[in-house]
Structure formats: C-alpha cells, structure tokens
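Data block below; observations after.
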Amino acid sequence: MEQQAETKKRIFSGMQPSGELTLGNYLGALKNWIKLQDDYDCMYSVMNMHAITVRQDPAELKKRSMEVLMQYMACGVDPEKSILFFQSHVSAHAELAWILSCNTQMGELSRMTQFKDKSKKHADNINAGLFTYPVLMAADILLYQTDLVPVGHDQLQHIELTRDIATRFNHHYGETFTMPEPYIGKAGARVMSLQSPENKMSKSDPNPNGYVWILDPEEVIIKQFKRAVTDSGNEVVAREDKPGVTNLLTIYCAVTGKTMEEAEKEFAGQGYGTFKQAVGEAVAAELAPVRERFSQLSKDKAYVEEVYKKGAEQAARIAAKTLRKVYKKVGFVAW
Ligand code: TRP
C-alpha cells in the first residue's frame, strides 16, 4: 500500500482567494482537481500570499481565504485523499522564493503578461511583490517536487518560467528539482462570460450577469442563464460565429457529461428559451450539493480547522525536505 502511494505522481495547484469562486473556476479547475485525487498525490492550496500583491482588506482576505478552502472541500476535494492547506501556513514557500529570486532575471519577469496586465490595472500600486509573483509561484510548485500542475491557459507562461528556473538551478547546483509540467484539462471546460462570450468567465467582469457563483441559489442560477446572450438565428449548434450558444453548449456538456453532438441533437428544433432554461437547470442541479456541503461546513468550524492544520503539517514536512536540500546545495552552513 505504502509503496504504491509513493510511486504516484505529485500534483500541485491553487487559487487566489480574490473573491468567490465562479462556475468557470468549477468547470475549468475544481472538477478536474477532484477527478485527479485517486490517481495522483494531490496538494491543493489557498494562495493567500499571492493575493496580497494587490491591495486587500485584511478582514475580507481572511474571510475569503476560509471560504475558498471550504469551497474546495464542498466541491469534493477530500482531505483524506489530498493535502489541503493555506500557503501562508508553510513558511518554506517564502524561504524558497528568496533563493529562486536570486536565480531569476529581471528581464524574465518583465516579460510576464500577467505582470504587465496587473500593473496597468493597479497603476497606483506596482509593488515588488507583483513583479516577483511568478517566483513565489515557482517556489510553490518546486517545493513539493511537483510533476503536474493543473492550470488554465493564462498560467502557462508562469509554468514555463518555473521550468526555466528549475532547469537553471539544477544545472548550476546539481539535480535538485523535479521538472513540472502543466496539465491542461479538457478544452471543453473553458467557460466564457454569459454576457460577452468572447471573454473568459471572470469574477472581475464589470457585468455581474456574466458569471454564476458556485454558491448561488438555484433560482439565481436559472435566471442568469435565462439572461445569457445568444446569437442571431435560432439554431442550437456549436459554431465559431455563435460564441454565445457554443459557450452554453460547452457548459451543458461539461455538467452533464454529454458530447456536443448529443447535446445539439437534444435541442434540435427547440428555441433558445427552452435551451437556456435546460442549461440553467442542469447547472443548478450540479451545484446544489456543493451549496449544501458548503453550508454544512460553515457550521463545523472545528472540522475545517482540523483539516487545514493537518494539511499544513503534511505540506510542511514535504517542503522541509526540499528546502534542506536546496540550502545545502547553495552552500548555507548546516545547523
Ligand atoms: N497564479 C495562479 C493564478 O492566479 C495561482 C497560483 C499560485 C498557482 N501559485 C500556484 C497555481 C501554483 C498553480 C500552482 O491562478
């Protein structure tokens, strides 16, 4: 048993607690995380240290961090199978980040599109942490000798940089880090805004009708889908010139497990109204148990605390091994 567990590949992923989670987070990431738990040694973390690269209200950050952890659990991240923890509970993330930052070039960090985007968006707070954010992310990943990192397309550049840093370190100091690879879930799970389907569904969408929270009540979810933009014509088909309908079909398939052909056939000859109602109902049905579990967890703070404390201990043990190795390699005096 034990031996088998040791040969499983390591998965690491996390989200920033920068708001409630959306259907996009659920279908694009969480649903995938859940599936991976049986075949991999998974670690899922709430990236609260990353979150403070933009201004946060401390009380809000604390509340949302806890809620994100509970949403991971409500969606099915199982603390018996996976290691679930807050990034800030394992100090090795910051310690390794320092060493890696001394092995990362300013030029490499200047090229990161997320840095460029965020510094435009937060022009009054272009702090050094925003710039070195990808180094902390590299530390998150390399600290656990991660094999695979499930992420969205927007994070591929950061994974590429993580690989460059690892390659350079291994080359300079000798084999130290496992080379991580991005793990992109099925393309079918790329969820777009319900109002402007050319953009990704995002909690920072200025139009609140563009997204659905995973904890929204059934009637709200159905209403959001009824309001979703469709395209001209009345055919329910996935086509490039029909981004709205295509997005709804994608969501429907991701939730029901049906193929695109099956879904198109099911709605052939039916109007957009019936179709949107059906998608809304399917999503609401999928998320109802998540909402229920979340509400139960909110009433059981002691259990949640037990989970993240145990998670932090487990993570810290693995992290310490890597950090010790790194300290030795760079020539820090042992103590
Ligand atoms: N940068 C990621 C995001 O914004 C979050 C993140 C931080 C992450 N560290 C990570 C994701 C390590 C995967 C692995 O979505």
Side-chain angles (χ1 to χ4, degrees), residues 9-22 24-33 36 40-54 56 61 64-65 68-69 71-72 77 82-97 100-101 104 109 111-119 121-122 129-166 177-185 189-191 200-204 311 315 318-319 322:
K9 287 193 169 176
R10 162 97 55 221
I11 292 239
F12 183 97
S13 198
M15 291 179 197
Q16 292 189 57
S18 45
E20 282 182 66
L21 304 184
T22 67
N25 297 123
Y26 177 75
L27 293 178
L30 280 161
K31 222 171 135 87
N32 232 335
W33 290 10
L36 296 166
Y40 297 92
D41 272 337
C42 297
M43 307 190 65
Y44 298 124
S45 180
V46 178
M47 313 319 287
N48 53 355
M49 292 167 71
H50 279 90
I52 62 165
T53 52
V54 301
Q56 300 284 346
L61 177 63
R64 278 204 312 260
S65 300
V68 166
L69 184 95
Q71 287 175 79
Y72 287 179
V77 173
S82 303
I83 298 177
L84 194 54
F85 70 107
F86 291 110
Q87 183 185 26
S88 62
H89 285 176
V90 181
S91 57
H93 289 251
E95 295 170 278
L96 181 60
L100 297 182
S101 75
T104 307
L109 293 174
R111 283 195 290 276
M112 296 292 115
T113 46
Q114 186 169 302
F115 170 70
K116 290 191 245 177
D117 291 348
K118 285 200 178 175
S119 29
K121 220 168 125 190
H122 306 277
L130 193 64
F131 189 63
T132 57
Y133 176 115
V135 181
L136 180 58
M137 180 160 165
D140 301 335
I141 295 167
L142 299 178
L143 202 44
Y144 301 104
Q145 306 292 351
T146 303
D147 296 288
L148 294 170
V149 190
V151 281
H153 290 266
D154 62 323
Q155 295 299 314
L156 287 179
Q157 201 186 25
H158 289 161
I159 308 285
E160 213 36 63
L161 178 68
T162 301
R163 290 169 56 87
D164 289 344
I165 296 172
F177 297 119
T178 302
M179 198 54 63
E181 274 177 49
Y183 178 98
I184 299 279
R190 201 170 148 83
V191 178
K200 210 172 108 169
M201 180 179 284
S202 156
K203 45 200 161 204
S204 48
I318 304 168
T322 303

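Keep in mind that this is a model prediction, so the values were computed, not measured. When a ligand or atom number is given, it counts from 1 through the structure's own listing order.
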- Is a side-chain donor or acceptor of Ser45 paired with a backbone partner of Phe85 at a separation under 3.5 angstrom? yes
- Message: Under the rule for side chain to side chain contact (heavy atoms under 4.5 Å, CB included), what residues qualify as partners of Ser13, not counting sequence neighbours?
- Response: Trp33, Tyr44, Pro150
- Message: Using ring centroids (six-membered ring only for Trp), state whether Phe86 and His93 fall under 6.0 Å.
- Response: no
Which N or O atoms of ligand 1 sit under 3.5 Å from a protein N or O, and how far apart is each pair?
residue  : atom  : partner : partner atom : Å
ligand 1 : 1 (N) : Tyr133  : OH           : 2.7
ligand 1 : 1 (N) : Gln155  : OE1          : 3.0
ligand 1 : 4 (O) : Gln16   : NE2          : 3.3
ligand 1 : 4 (O) : Tyr133  : OH           : 3.1
ligand 1 : 4 (O) : Gln155  : NE2          : 3.4
ligand 1 : 9 (N) : Asp140  : OD2          : 2.7

- Is the number of heavy atoms from other residues, nucleotides or ligands within 6.0 Å of CD1 (Ile52) greater than 12? no
- For the pair His158 and Tyr133, name the ring-plane relationship: parallel under 30°, tilted 30 to 60°, perpendicular over 60°. tilted
- Pairwise side-chain contact, Asp140 with Thr146, heavy-atom cut-off 4.5 Å (strictly under): no
